[in-house]
Colleague: 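My questions will all concern the structure given below.
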There are 2 protein chains.
Amino acid sequence: MRPTIHHESLTQRLADSGMRATPQREVVYSVLLTKRDHPTADEVFARVKGELPTISLATVYNCLETLVQCDLVRAVNFERGPTRYCPNLAPHAHFHDVQTGRTHDVELPPGLLDQVKSVLPAGFDANSVEIIFRGKAATPTS
Amino acid sequence: MRPTIHHESLTQRLADSGMRATPQREVVYSVLLTKRDHPTADEVFARVKGELPTISLATVYNCLETLVQCDLVRAVNFERGPTRYCPNLAPHAHFHDVQTGRTHDVELPPGLLDQVKSVLPAGFDANSVEIIFRGKAATPTS
DNA sequence: GAGATAATTAGAATTATTCCAAGATTTTAC
DNA sequence: GTAAAATCTTGGAATAATTCTAATTATCTC
Ligand SMILES: [Mn+2]
Ligand SMILES: [Mn+2]
Ligand SMILES: [Zn+2]
Ligand SMILES: [Zn+2]
(Lines give C-alpha, C1' and ligand atoms only; values in the text may rest on other atoms or scores of the structure.)
(Ligands and ions follow the chains in the order given, each with its own letter.)
Protein backbone atom coordinates (compact mmCIF):
# COMPACT_ATOMS: atom_id res chain seq x y z
CA MET A 1 0.00 0.00 0.00
CA ARG A 2 1.11 3.51 -0.76
CA PRO A 3 1.37 5.70 2.33
CA THR A 4 -1.60 8.02 1.82
CA ILE A 5 -0.75 9.70 5.10
CA HIS A 6 1.88 11.75 3.35
CA HIS A 7 -0.28 12.72 0.42
CA GLU A 8 -1.76 15.61 2.31
CA SER A 9 1.52 17.02 3.55
CA LEU A 10 3.12 16.66 0.14
CA THR A 11 0.24 18.49 -1.53
CA GLN A 12 0.44 21.17 1.11
CA ARG A 13 4.18 21.68 0.79
CA LEU A 14 3.95 21.89 -2.95
CA ALA A 15 1.10 24.37 -2.75
CA ASP A 16 3.14 26.47 -0.32
CA SER A 17 5.75 26.75 -3.05
CA GLY A 18 3.12 27.44 -5.70
CA MET A 19 3.43 24.01 -7.30
CA ARG A 20 0.99 21.28 -8.12
CA ALA A 21 0.71 17.77 -6.81
CA THR A 22 1.08 15.35 -9.70
CA PRO A 23 1.04 11.55 -9.84
CA GLN A 24 4.72 11.59 -10.76
CA ARG A 25 5.68 13.71 -7.77
CA GLU A 26 3.56 11.61 -5.45
CA VAL A 27 5.01 8.31 -6.58
CA VAL A 28 8.59 9.60 -6.53
CA TYR A 29 8.07 10.79 -2.96
CA SER A 30 6.35 7.58 -1.94
CA VAL A 31 9.20 5.52 -3.37
CA LEU A 32 11.68 7.48 -1.26
CA LEU A 33 9.60 6.99 1.88
CA THR A 34 9.09 3.29 1.26
CA LYS A 35 12.71 2.22 0.92
CA ARG A 36 15.02 4.62 2.67
CA ASP A 37 18.30 3.41 1.28
CA HIS A 38 19.37 6.70 -0.29
CA PRO A 39 18.74 5.72 -3.89
CA THR A 40 20.19 7.55 -6.87
CA ALA A 41 17.97 9.16 -9.49
CA ASP A 42 18.41 6.07 -11.65
CA GLU A 43 17.33 3.81 -8.83
CA VAL A 44 14.32 5.97 -8.11
CA PHE A 45 13.50 5.86 -11.81
CA ALA A 46 13.58 2.04 -11.82
CA ARG A 47 11.35 1.84 -8.74
CA VAL A 48 8.84 4.41 -9.93
CA LYS A 49 8.44 2.62 -13.23
CA GLY A 50 6.75 -0.17 -11.29
CA GLU A 51 3.81 2.16 -10.71
CA LEU A 52 4.17 4.58 -13.61
CA PRO A 53 5.74 2.63 -16.45
CA THR A 54 5.79 5.59 -18.82
CA ILE A 55 7.53 8.10 -16.59
CA SER A 56 10.72 9.57 -18.00
CA LEU A 57 14.10 9.96 -16.33
CA ALA A 58 13.91 13.71 -16.91
CA THR A 59 10.71 13.79 -14.90
CA VAL A 60 12.31 11.84 -12.08
CA TYR A 61 15.08 14.44 -11.96
CA ASN A 62 12.48 17.21 -12.04
CA CYS A 63 10.44 15.65 -9.24
CA LEU A 64 13.46 15.05 -7.04
CA GLU A 65 14.58 18.62 -7.55
CA THR A 66 11.10 19.84 -6.64
CA LEU A 67 11.00 17.72 -3.48
CA VAL A 68 14.41 19.02 -2.45
CA GLN A 69 13.27 22.61 -2.94
CA CYS A 70 10.16 21.98 -0.86
CA ASP A 71 12.40 20.67 1.93
CA LEU A 72 10.79 17.26 1.88
CA VAL A 73 13.93 15.49 0.73
CA ARG A 74 17.65 16.00 1.14
CA ALA A 75 20.16 15.53 -1.67
CA VAL A 76 23.32 13.78 -0.49
CA ASN A 77 26.62 13.62 -2.31
CA PHE A 78 29.66 11.46 -1.77
CA GLU A 79 32.67 12.53 -3.73
CA ARG A 80 31.68 12.61 -7.36
CA GLY A 81 29.20 9.78 -7.18
CA PRO A 82 25.64 10.26 -8.35
CA THR A 83 23.44 12.30 -6.03
CA ARG A 84 21.42 10.26 -3.54
CA TYR A 85 18.09 11.20 -2.03
CA CYS A 86 17.00 11.00 1.59
CA PRO A 87 13.53 11.70 3.02
CA ASN A 88 14.75 11.79 6.63
CA LEU A 89 14.06 15.34 7.78
CA ALA A 90 15.57 14.99 11.24
CA PRO A 91 19.04 16.49 11.56
CA HIS A 92 21.38 13.63 10.83
CA ALA A 93 24.76 12.75 9.40
CA HIS A 94 25.61 10.19 6.74
CA PHE A 95 27.89 7.21 6.98
CA HIS A 96 29.20 5.98 3.66
CA ASP A 97 30.25 2.34 3.81
CA VAL A 98 33.18 1.99 1.44
CA GLN A 99 32.87 -1.80 1.32
CA THR A 100 29.22 -2.11 0.40
CA GLY A 101 28.59 1.35 -1.03
CA ARG A 102 25.61 1.65 1.30
CA THR A 103 24.64 4.86 3.02
CA HIS A 104 23.44 4.92 6.63
CA ASP A 105 21.73 7.67 8.55
CA VAL A 106 23.42 8.63 11.80
CA GLU A 107 21.15 10.35 14.29
CA LEU A 108 22.80 13.30 15.97
CA PRO A 109 22.32 14.22 19.62
CA PRO A 110 20.48 17.53 19.95
CA GLY A 111 22.89 20.41 20.08
CA LEU A 112 25.70 18.67 18.26
CA LEU A 113 25.25 20.65 15.07
CA ASP A 114 25.21 23.89 17.04
CA GLN A 115 28.29 22.78 18.90
CA VAL A 116 30.04 22.11 15.62
CA LYS A 117 28.86 25.45 14.25
CA SER A 118 30.39 27.13 17.27
CA VAL A 119 33.88 26.43 15.97
CA LEU A 120 33.31 28.94 13.17
CA PRO A 121 35.30 32.15 13.53
CA ALA A 122 33.49 35.48 13.75
CA GLY A 123 32.02 36.58 10.44
CA PHE A 124 31.14 33.11 9.23
CA ASP A 125 27.42 32.55 9.23
CA ALA A 126 26.52 28.98 8.30
CA ASN A 127 22.99 28.07 7.41
CA SER A 128 23.86 24.42 7.01
CA VAL A 129 26.36 21.93 8.38
CA GLU A 130 26.94 18.61 6.74
CA ILE A 131 28.76 15.73 8.37
CA ILE A 132 29.92 12.77 6.34
CA PHE A 133 31.57 9.68 7.78
CA ARG A 134 33.40 7.21 5.61
CA GLY A 135 34.41 3.74 6.71
CA LYS A 136 33.31 0.21 7.37
CA ALA A 137 30.03 -0.71 9.00
CA ALA A 138 29.69 -4.07 10.74
CA THR A 139 27.12 -6.26 9.03
CA PRO A 140 24.15 -6.32 11.39
CA THR A 141 23.80 -9.82 12.92
CA SER A 142 20.89 -11.20 10.97
CA MET B 1 60.25 31.83 -6.09
CA ARG B 2 59.07 28.26 -6.00
CA PRO B 3 59.09 26.77 -2.50
CA THR B 4 62.04 24.40 -2.75
CA ILE B 5 61.49 23.45 0.86
CA HIS B 6 58.73 21.12 -0.20
CA HIS B 7 60.62 19.57 -3.06
CA GLU B 8 62.30 17.12 -0.77
CA SER B 9 59.15 16.02 1.03
CA LEU B 10 57.28 15.67 -2.24
CA THR B 11 60.02 13.53 -3.74
CA GLN B 12 60.10 11.45 -0.58
CA ARG B 13 56.35 10.92 -0.46
CA LEU B 14 56.27 9.95 -4.10
CA ALA B 15 59.16 7.54 -3.63
CA ASP B 16 57.37 6.00 -0.64
CA SER B 17 54.53 5.17 -3.01
CA GLY B 18 56.93 3.93 -5.71
CA MET B 19 56.43 6.93 -7.94
CA ARG B 20 58.74 9.43 -9.53
CA ALA B 21 59.08 13.14 -9.02
CA THR B 22 58.39 14.89 -12.30
CA PRO B 23 58.38 18.57 -13.25
CA GLN B 24 54.62 18.34 -13.79
CA ARG B 25 53.99 16.92 -10.34
CA GLU B 26 56.27 19.45 -8.73
CA VAL B 27 54.68 22.43 -10.42
CA VAL B 28 51.15 21.21 -9.75
CA TYR B 29 51.99 20.81 -6.08
CA SER B 30 53.78 24.15 -5.93
CA VAL B 31 50.78 25.88 -7.50
CA LEU B 32 48.53 24.44 -4.81
CA LEU B 33 50.87 25.57 -2.04
CA THR B 34 51.31 29.05 -3.49
CA LYS B 35 47.65 30.07 -3.71
CA ARG B 36 45.53 28.10 -1.29
CA ASP B 37 42.13 29.02 -2.59
CA HIS B 38 40.96 25.48 -3.32
CA PRO B 39 41.26 25.66 -7.09
CA THR B 40 39.55 23.25 -9.45
CA ALA B 41 41.52 21.08 -11.87
CA ASP B 42 40.86 23.65 -14.60
CA GLU B 43 42.17 26.45 -12.44
CA VAL B 44 45.27 24.45 -11.55
CA PHE B 45 45.73 23.77 -15.25
CA ALA B 46 45.61 27.49 -16.06
CA ARG B 47 48.11 28.32 -13.32
CA VAL B 48 50.52 25.54 -14.16
CA LYS B 49 50.59 26.58 -17.80
CA GLY B 50 52.43 29.71 -16.67
CA GLU B 51 55.43 27.53 -15.87
CA LEU B 52 54.84 24.56 -18.13
CA PRO B 53 53.00 25.87 -21.17
CA THR B 54 52.74 22.47 -22.83
CA ILE B 55 51.24 20.51 -19.94
CA SER B 56 47.96 18.79 -20.71
CA LEU B 57 44.77 18.79 -18.68
CA ALA B 58 44.94 15.01 -18.46
CA THR B 59 48.32 15.33 -16.79
CA VAL B 60 46.97 17.84 -14.33
CA TYR B 61 44.25 15.35 -13.40
CA ASN B 62 46.88 12.62 -13.12
CA CYS B 63 49.13 14.73 -10.93
CA LEU B 64 46.32 15.82 -8.65
CA GLU B 65 45.21 12.22 -8.26
CA THR B 66 48.76 11.21 -7.44
CA LEU B 67 49.12 13.95 -4.82
CA VAL B 68 45.83 12.93 -3.23
CA GLN B 69 46.97 9.31 -3.05
CA CYS B 70 50.26 10.33 -1.44
CA ASP B 71 48.25 12.25 1.20
CA LEU B 72 49.81 15.55 0.27
CA VAL B 73 46.56 17.06 -0.94
CA ARG B 74 42.88 16.68 -0.10
CA ALA B 75 40.13 16.57 -2.69
CA VAL B 76 37.09 18.56 -1.63
CA ASN B 77 33.62 18.34 -3.13
CA PHE B 78 30.62 20.62 -2.79
CA GLU B 79 27.47 19.17 -4.18
CA ARG B 80 28.13 18.29 -7.79
CA GLY B 81 30.56 21.08 -8.46
CA PRO B 82 34.01 20.35 -9.82
CA THR B 83 36.43 18.82 -7.32
CA ARG B 84 38.65 21.32 -5.53
CA TYR B 85 42.12 20.69 -4.17
CA CYS B 86 43.54 21.66 -0.79
CA PRO B 87 47.14 21.25 0.42
CA ASN B 88 46.25 21.95 4.07
CA LEU B 89 47.08 18.73 5.88
CA ALA B 90 45.89 19.82 9.32
CA PRO B 91 42.48 18.45 10.26
CA HIS B 92 40.05 21.12 9.17
CA ALA B 93 36.55 21.71 7.90
CA HIS B 94 35.43 23.66 4.85
CA PHE B 95 33.16 26.64 4.63
CA HIS B 96 31.56 27.14 1.27
CA ASP B 97 30.48 30.74 0.74
CA VAL B 98 27.35 30.62 -1.39
CA GLN B 99 27.63 34.29 -2.34
CA THR B 100 31.15 34.35 -3.65
CA GLY B 101 31.68 30.65 -4.34
CA ARG B 102 34.85 30.83 -2.28
CA THR B 103 36.01 28.05 0.00
CA HIS B 104 37.54 28.76 3.40
CA ASP B 105 39.45 26.46 5.70
CA VAL B 106 38.06 26.23 9.22
CA GLU B 107 40.57 25.06 11.79
CA LEU B 108 39.11 22.57 14.21
CA PRO B 109 39.92 22.44 17.92
CA PRO B 110 41.82 19.28 18.80
CA GLY B 111 39.46 16.49 19.76
CA LEU B 112 36.48 17.83 17.85
CA LEU B 113 36.66 15.22 15.13
CA ASP B 114 36.90 12.48 17.75
CA GLN B 115 33.99 13.98 19.59
CA VAL B 116 31.95 13.96 16.41
CA LYS B 117 33.03 10.40 15.69
CA SER B 118 31.81 9.41 19.13
CA VAL B 119 28.20 9.84 18.02
CA LEU B 120 28.55 6.79 15.78
CA PRO B 121 26.63 3.75 17.00
CA ALA B 122 28.49 0.52 17.75
CA GLY B 123 29.66 -1.27 14.64
CA PHE B 124 30.39 1.86 12.66
CA ASP B 125 34.09 2.36 12.18
CA ALA B 126 34.87 5.64 10.44
CA ASN B 127 38.30 6.32 9.05
CA SER B 128 37.34 9.81 7.97
CA VAL B 129 34.96 12.55 9.00
CA GLU B 130 34.20 15.45 6.76
CA ILE B 131 32.50 18.64 7.89
CA ILE B 132 31.14 21.11 5.39
CA PHE B 133 29.60 24.44 6.28
CA ARG B 134 27.56 26.41 3.81
CA GLY B 135 26.61 30.04 4.21
CA LYS B 136 27.73 33.62 4.02
CA ALA B 137 31.15 34.84 5.11
CA ALA B 138 31.62 38.47 6.04
CA THR B 139 34.00 40.23 3.69
CA PRO B 140 37.20 40.77 5.68
CA THR B 141 37.68 44.51 6.34
CA SER B 142 40.41 45.36 3.88
C1' DG C 1 73.36 2.70 -24.37
C1' DA C 2 69.54 -1.01 -24.57
C1' DG C 3 65.66 -2.53 -22.54
C1' DA C 4 62.26 -2.07 -18.97
C1' DT C 5 59.29 0.85 -16.50
C1' DA C 6 56.78 4.89 -15.64
C1' DA C 7 54.71 9.28 -17.06
C1' DT C 8 52.71 12.50 -20.30
C1' DT C 9 49.81 13.64 -23.94
C1' DA C 10 45.77 14.47 -27.29
C1' DG C 11 41.73 13.13 -28.11
C1' DA C 12 37.82 9.88 -27.62
C1' DA C 13 34.61 8.02 -24.36
C1' DT C 14 31.82 8.06 -20.23
C1' DT C 15 28.50 9.54 -16.77
C1' DA C 16 25.40 12.18 -14.43
C1' DT C 17 22.79 15.84 -15.15
C1' DT C 18 20.56 19.79 -17.47
C1' DC C 19 18.45 21.93 -21.32
C1' DC C 20 15.07 22.29 -24.93
C1' DA C 21 10.99 22.45 -27.47
C1' DA C 22 6.78 20.10 -28.11
C1' DG C 23 2.79 18.10 -26.28
C1' DA C 24 -0.31 17.03 -22.25
C1' DT C 25 -2.61 18.40 -18.04
C1' DT C 26 -4.49 21.46 -14.82
C1' DT C 27 -6.15 25.89 -13.35
C1' DT C 28 -8.35 30.27 -14.09
C1' DA C 29 -11.31 33.50 -16.26
C1' DC C 30 -15.35 34.29 -18.30
C1' DG D 1 -18.47 24.64 -19.55
C1' DT D 2 -15.05 26.34 -22.61
C1' DA D 3 -10.91 29.08 -23.91
C1' DA D 4 -6.80 30.89 -22.59
C1' DA D 5 -3.03 30.74 -19.34
C1' DA D 6 -0.01 28.41 -16.49
C1' DT D 7 2.30 24.40 -15.19
C1' DC D 8 4.20 19.70 -16.06
C1' DT D 9 5.95 15.90 -18.48
C1' DT D 10 8.57 13.93 -22.03
C1' DG D 11 12.34 12.26 -25.40
C1' DG D 12 16.20 13.56 -27.10
C1' DA D 13 20.07 16.74 -27.59
C1' DA D 14 23.55 19.20 -25.09
C1' DT D 15 26.79 19.91 -21.30
C1' DA D 16 30.51 19.46 -17.94
C1' DA D 17 33.78 17.08 -15.37
C1' DT D 18 36.36 13.35 -15.43
C1' DT D 19 38.36 9.00 -17.07
C1' DC D 20 40.14 6.08 -20.59
C1' DT D 21 43.12 4.74 -24.51
C1' DA D 22 46.89 4.22 -27.21
C1' DA D 23 50.91 6.44 -28.72
C1' DT D 24 54.97 9.03 -27.50
C1' DT D 25 58.42 10.59 -24.36
C1' DA D 26 61.19 10.44 -20.23
C1' DT D 27 63.53 8.03 -16.63
C1' DC D 28 65.77 4.23 -14.41
C1' DT D 29 68.45 -0.23 -14.38
C1' DC D 30 71.86 -2.85 -15.96
MN1 LIG E 1 25.98 13.01 -5.95
MN1 LIG F 1 33.96 18.18 -6.73
ZN1 LIG G 1 19.87 10.38 5.18
ZN1 LIG H 1 41.00 23.07 2.85
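If you're wondering where the values come from, they're calculated on a predicted model, not measured in any experiment. So you know, we letter chains A, B, ... as the sequences are listed, proteins then strands, and number each from 1.
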Colleague: Is Arg47(A) salt-bridged to Asp37(A), cutoff N-O under 4.0 Å?
Modeller: yes
Colleague: Please state whether the rings of His94(A) and His38(A) are parallel, tilted or perpendicular, taking 30° and 60° as the class boundaries.
Modeller: perpendicular
Colleague: Hey, is the side chain of Arg80(A) poking within less than 4.0 Å of OP1 or OP2 on dT18(D), counting only N and O atoms?
Modeller: yes
Colleague: Grab the CZ-P distance between Arg25(B) and dA26(D) for me, whole Å please.
Modeller: 15 Å
Colleague: What is the distance, to the nearest angstrom, from the CD1 atom on Ile55(A) to the C1' atom on dT25(C)?
Modeller: 15 Å
Colleague: For Thr22(A), report the nucleic acid contact type (base, sugar-phosphate, nothing); a contact means any heavy atom under 4.0 Å.
Modeller: sugar-phosphate
Colleague: In this structure, how many angstroms lie between the P atom of dT15(C) and the CD atom of Glu79(A), rounded?
Modeller: 18 Å
Colleague: Under 4.0 Å between a side-chain N or O of Gln24(B) and OP1 or OP2 of dA26(D)?
Modeller: no
Colleague: Can you tell me how the ring of Phe124(B) sits relative to the ring of His104(A), calling it parallel under 30°, perpendicular over 60° and tilted otherwise?
Modeller: perpendicular
Colleague: Return the nearest nucleotide to the side chain of Thr83(A); candidates are dT18(D), dT10(D), dT17(C).
Modeller: dT17(C)
Colleague: Applying the side chain to side chain contact (heavy atoms under 4.5 Å, CB included) criterion to Val129(B), which one of Leu113(B), Leu120(B), Asp114(B) satisfies it?
Modeller: Leu113(B)
Colleague: Are OP1 or OP2 of dT8(C) and a side-chain N or O of Ser56(B) less than 4.0 angstrom apart?
Modeller: no
Colleague: Taking atom P of dC8(D) as reference, at what distance in whole Å does atom CG of Leu10(A) sit?
Modeller: 12 Å
Colleague: Which comes earlier along DNA chain C counting from the 5' end, the contact point of Gly18(B) or that of Ala58(B), where each point is its nearest nucleotide?
Modeller: Gly18(B)
Colleague: For the pair made of CZ in Phe45(B) and P in dA10(C), what is the distance, rounded to whole Å?
Modeller: 8 Å
Colleague: Ignoring backbone atoms, establish whether Tyr61(B) has a side-chain N or O less than 4.0 Å from OP1 or OP2 of dT19(D).
Modeller: no
Colleague: By nearest atom, which of the nucleotides dT18(D), dT8(C), dT10(D) is closest to the Thr54(A) side chain?
Modeller: dT10(D)
Colleague: How close or far is atom P of dC8(D) from atom CD of Glu65(A), stated in whole angstroms?
Modeller: 13 Å
Colleague: For Glu43(B) and dT18(D), what is the distance between atoms CD and P respectively, to the nearest whole Å?
Modeller: 11 Å
Colleague: Assuming nearest nucleotide by heavy-atom distance, tell me which of Thr40(B) and Arg20(B) is located more 5' along DNA chain D.
Modeller: Thr40(B)
Colleague: In plain terms, say whether Glu79(B) and Arg134(B) are close enough for a salt bridge, that is, a side-chain N and a carboxylate O under 4.0 Å apart.
Modeller: yes
Colleague: How close or far is atom P of dT8(C) from atom CG of Leu67(B), stated in whole angstroms?
Modeller: 10 Å
Colleague: By nearest nucleotide on DNA chain D, pick out whichever of Leu57(A) and Ala21(A) is the more 5' one.
Modeller: Ala21(A)
